[in-house]
Amino acid sequence: MLARKLRFLPLLLLSLGMTSCVQNTPKSYAALNGNWHLSGQQGATQLPLLKSPLLTFAMGVSGKTVSANGTAGVNCSGGDGALAGSMSFSGQIAADGTFELTNSAEPRDTIQLTIKGKVLPDGATTWAGSYTMVNSTPPTGCIFNLSSDFVATAYPPLNGTYSGKITGHGLGSGIMVSTVISQGAITAAPLRPSLPVIYYIPLRATIEVSGSSSYSSGTTTASQSAAASSSVSGNSLSLNYLMNDGSTVLLEGWFPNPSESTLQVHLMPGFGTSGSVSDICTLTRQ
């Protein structure tokens with residue numbers, strides 16, 4: 001009988017080891033990594049919003065911390081104005097996969113926003129949640145109090161060739177630009193060395209210009225800082241080009257609808273370069 005019991009012992013230990021490995025496998029929340037449209041539409045003009053509120057964020061997960069960086073906007077009640085701006089916040093993912101993002105710790109923020117959601121299962125392309133938006137206290141002249149459920153959908157990668165005419169002070173009758181954009185993988189980097197990291201989606205691009213007396217082409221350059229990077233976060237994009245005459249220009253704006261068929265942009269001089277800001281103009285995907 002003793003020999004029979006000893007023969008079962010290695011099998012028992014192996015079984016216990018296999019059970020322990022399965023229990024210690026960490027959950028993956030990587031399905032949240034991406035660029036998400038939660039609500040609203042900006043339209044061809046920056047403000048007022050075509051559909052309010054506007055909630056669009058690039059989101060990334062590290063361990064159990066989920067972070068969001070993007071654009072929040074709202075039309076004031078009574079039709080007396082609108083607000084929109086960039087927003088970054090983070091929260092912890094609970095054991096059941098739920099999370100909450102809020103800037104309530106910053107009561108001076110004009111838009112007070114709370115987003116609740118749940119990590120999408122593997123293979124899913126949407127996730128469900130809810131939001132509440134209220135004005136700061138005391139209000140800054142724009143009154144709103146909104147709450148609703150939503151289904152977040154992923155923006156398609158911002159890849160393609162966009163062309164159009166840029167007009168404005170100092171540009172004569174206008175210049176024609178064509179930029180080829182390709183989107184990279186979601187990245188974490190600090191806005192500044194002393195600040196926490198945020199998530200954004202890097203962009204690479206080249207630009208061809210006709211009608212300018214200064215430059216005719218340029219390309220984006222890599223940066224270790226989120227603030228200086230060419231990127232897309234939510235529906236907002238920024239492209240920093242080093243031009244062939246040694247100057248730098250910044251093309252920034254938004255896509256007015258989730259299809260990304262057009263971009264609303266303005267061209268401005270980059271750091272250390274003189275010049276003026278163009279009109280807001282439309283670039284169309286070719």
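A single hydrophobic cluster is seen to contain both L120 and L55, as judged by linkage of ILVMFWY side chains at heavy-atom distances under 4.5 Å, directly or through other members. Hydrophobic clustering (ILVMFWY, side-chain heavy atoms < 4.5 Å, transitive): V177 and M243 are in one cluster. Under a hydrophobic-cluster definition in which Ile, Leu, Val, Met, Phe, Trp and Tyr are linked whenever side-chain heavy atoms come within less than 4.5 Å, directly or via other members, L251 and I201 are assigned to the same cluster. Both L171 and V209 are part of a single hydrophobic cluster, where members link through side-chain heavy atoms under 4.5 Å apart. The cluster map of Ile, Leu, Val, Met, Phe, Trp and Tyr, joined by side-chain heavy atoms under 4.5 Å apart, puts I111 and F89 in the same cluster.
Checked options D149, I115, L38; the residue passing with S130 is D149 (criterion: side-chain contact (heavy atoms from CB on, under 4.5 Å)). Partner R204 forms a side-chain contact (heavy atoms from CB on, under 4.5 Å) with one of T219, T220, I181, V180 and no other, that one being T220. Only one option out of V119, N33, L101 pairs with V66 in a side-chain contact (heavy atoms from CB on, under 4.5 Å); it is L101.
Here the side chains of P258 and T153 are not in contact, with every heavy-atom distance at 4.5 Å or above. Looking at Q286 and T284, their side chains come closer than 4.5 Å, going by heavy atoms from C-beta outward. Within the 4.5 Å cutoff, the side chain of S278 has heavy atoms near those of the H266 side chain.
Every side chain to side chain contact (heavy atoms under 4.5 Å, CB included) that S217 has, sequence neighbours left out, goes to E208, N244. Every salt bridge (Lys or Arg N to Asp or Glu O under 4.0 Å) that K116 has, sequence neighbours left out, goes to E100. Shown here are the side chain to side chain contact (heavy atoms under 4.5 Å, CB included) partners of V151, two or more places apart in sequence or in another chain: T126. In this structure, the side chain to side chain donor-acceptor pair (under 3.5 Å) partners of T65, at least two apart in sequence or on a different chain, are Q92.
Between the side chain of N235 and the backbone N or O of W254 there is no donor-acceptor pair closer than 3.5 Å. Q112 places a side-chain N or O within donor-acceptor distance of the main-chain N or O of E106, the cut-off being under 3.5 Å. The closest donor-acceptor contact from the side chain of S238 to the backbone of S231 lies at 3.5 Å or more, if one exists at all. With hydrogens and angles disregarded, a donor-acceptor distance shorter than 3.5 Å links the side chain of S39 to the backbone of P53. A donor-acceptor pair is defined here as one N or O able to donate and one able to accept, closer than 3.5 Å; no such pair exists between the side chain of K64 and the backbone of Y29. Panel note: side chain Q264, backbone A44; a donor-acceptor pair is recorded below 3.5 Å.
Atom OG1 in T161 sits 11.5 Å away from atom CG in L283 (nearest 0.5 Å). For the atom pair L32 CG and K118 NZ, the distance stands at 12.0 Å (nearest 0.5 Å). Considering CG of N145 and CE of M133, their distance stands at 10.5 Å, rounded to 0.5 Å. Between the CG atom of L158 and the CG atom of L239 there is a distance of 8.0 Å, given to the nearest 0.5 Å. The line from CG of L267 to OG of S276 is 9.5 Å long, rounded to the nearest 0.5 Å. Note that CD1 of I143 is 4.5 Å distant from CG of N135, once rounded to the nearest 0.5 Å.
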Exercise. Do T167 and D279 pass the side-chain hydrogen bond (donor to acceptor under 3.5 Å, both in side chains) test, and can you show the C-alpha distance, the side-chain angles, and the key distance before you say yes or no?
Worked result: CA-CA 6 Å; T167 60; D279 302 329; 2.8 Å; yes
For this session: Would you check, one step at a time, whether the test side chain to side chain contact (heavy atoms under 4.5 Å, CB included) holds for V61 with Y199?
Result: CA-CA 9 Å; V61 179; Y199 283 86; 5.9 Å; no
For this session: Begin with the C-alpha distance, continue with both residues' side-chain angles, and end with the deciding distance and a verdict on side chain to side chain contact (heavy atoms under 4.5 Å, CB included) for I166 and V265.
Result: CA-CA 9 Å; I166 303 293; V265 299; 4.1 Å; yes
For this session: Would you check, one step at a time, whether the test side chain to side chain contact (heavy atoms under 4.5 Å, CB included) holds for I207 with Y215?
Result: CA-CA 10 Å; I207 189 169; Y215 45 70; over 6 Å; no
Problem set entry | Pair C142-T110, side chain to side chain contact (heavy atoms under 4.5 Å, CB included): steps then yes or no | CA-CA 9 Å; C142 181; T110 306; 5.6 Å; no
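Here side chain to side chain donor-acceptor pair (under 3.5 Å) pairs that include residues 177-188, with residues two or more places apart or in two chains, are S163-S178, T179-Y241. Among residues at least two apart or in separate chains, ring pair (Phe, Tyr, Trp, His ring centres under 6.0 Å) pairs with a member in residues 142-168 are H37-Y155, W127-F150, Y155-F255.
Listed here is the closest heavy atom pair of C76 and A82: SG-N, 3.6 Å. Here the closest heavy-atom approach between residue G73 and residue L49 is recorded as C-CD1, 3.4 Å. When all heavy atoms are compared, the tightest approach of I198 to S88 is CG2-OG, 4.0 Å. Listed here is the closest heavy atom pair of A105 and P107: O-CD, 3.3 Å.
Remark: the S229 side chain and the Y200 side chain contain an N/O donor-acceptor pair separated by less than 3.5 Å. One side chain, S233 or N69, offers a donor N or O that lies under 3.5 Å from an acceptor on the other. The closest side-chain donor-acceptor pair between S259 and S261 falls under 3.5 angstrom. In this model, a donor atom of one side chain and an acceptor atom of the other lie less than 3.5 Å apart for T114 and T102.
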